[in-house]
Amino acid sequence: MLAQPPAQHLRDSNERLHRRIEGLAAELSLPHPHPARPQEIDALLSELRSNGAWLRTLPPPREPELEEELSTYRQLIERLRDLLPAVQATLLEERARIERERSRVASALEWARRSRETL
C-alpha cells in the first residue's frame, strides 16, 4: 500500500479535527452544555499526538500545498485553544454537580441509618 502524500495526510487529519472541534464548539454554545465526554477528549488528544509525531518526521523544504494544510492545522489548534477554557468550566461545573449529588446521597443514607436505629 502506498503512503499518502503529506498534504493529503494532513488534509484528512484536519477534516477529522475540524469535525471534532466544531462538534465541541456546538455543544459549548448551548445554554446548558454537557461536559465533553472522555471519548471526545481522547479522540482529540490521539489525533494531536499522532500529528505531532508525524509532523516531526517531515523534512524541509515543504511543498506549497502542505504549507497550506499546515496553516489550516495551526488555525484548528488555535480554535481548540480558545475553546479549552469553556471545556474546563463545564467540567468543573459537572464535578461540582456530582459532588452535590454525592453529598445529598450521603445525607439520605445517614438519615436512613438513623431512622433504623430509632425504630
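What you see is a predicted model; the values in this text were computed from it and never measured.
- With rounding to the nearest 0.5 angstrom, the CG atom of Leu10 is 10.5 Å from the CD atom of Glu65.
- Here the CG-CZ distance, from Leu45 to Arg20, works out to 10.5 Å after rounding to the nearest 0.5 Å.
- Put simply, the residue from His9, Gln8, Arg16 that forms a side-chain hydrogen bond (donor to acceptor under 3.5 Å, both in side chains) with Asp12 is Gln8.
- Although no hydrogens or angles enter the test, the distance criterion places no donor-acceptor pair under 3.5 Å between the side chain of Ser103 and the main chain of Glu99.
- What you find for Asp82 and Pro85 is that their closest heavy atoms are O-CD, 3.5 Å.
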Tell me which donor-acceptor pairs under 3.5 Å the side chains of residues 69-77 have, and how far apart each pair is, sequence neighbours excluded?
unit_1 : atom_1 : unit_2 : atom_2 : d
Glu69  : OE1    : Asn14  : ND2    : 3.0
Glu69  : OE2    : Arg11  : NE     : 3.2
Thr72  : OG1    : Glu68  : O      : 3.2

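- To the nearest 0.5 Å, the span separating CZ on Arg37 from CD on Glu40 amounts to 4.5 Å.
- With a 6.0 Å radius and a threshold of 12 heavy atoms from other residues, nucleotides or ligands, Arg62 has its CZ atom above the threshold.
- Side-chain contact between Arg97 and Glu94 is present, with at least one heavy-atom pair separated by less than 4.5 Å.
- Under the 4.5 Å side-chain criterion, counting only non-hydrogen atoms from C-beta, Glu47 is in contact with Ser13.
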**OP:** Could you check Asn51 against Leu17 for side chain to side chain contact (heavy atoms under 4.5 Å, CB included), going step by step and ending with a plain yes or no?
**Re:** CA-CA 11 Å; Asn51 282 343; Leu17 280 172; 3.8 Å; yes
**OP:** Begin with the C-alpha distance, continue with both residues' side-chain angles, and end with the deciding distance and a verdict on side chain to side chain contact (heavy atoms under 4.5 Å, CB included) for Glu63 and Leu66.
**Re:** CA-CA 5 Å; Glu63 60 195 45; Leu66 179 57; 3.6 Å; yes
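- Taken from CD1 in Ile21 to CD in Glu78, the straight-line distance is 11.0 Å, to the nearest 0.5 Å.
- Put simply, the side chain of Thr57 gets close to the backbone of Trp54: a donor and an acceptor are under 3.5 Å apart.
- A continuous path of ILVMFWY side-chain contacts below 4.5 Å connects Leu84 to Leu24, so both sit in one hydrophobic cluster.
- Contact check for Leu83 versus Arg79: side-chain heavy atoms found under the 4.5 Å cut-off.
- Between Ala36 and Leu91, the shortest heavy-atom contact is O-CD2, 4.1 Å.
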For residues 26-33, which side-chain N or O atoms pair as donor and acceptor with protein atoms under 3.5 Å away, sequence neighbours left out?
unit_1 : atom_1 : unit_2 : atom_2 : d
Glu27  : OE2    : His34  : N      : 2.6
Glu27  : OE2    : His34  : ND1    : 3.3
Ser29  : OG     : Ala26  : O      : 2.7

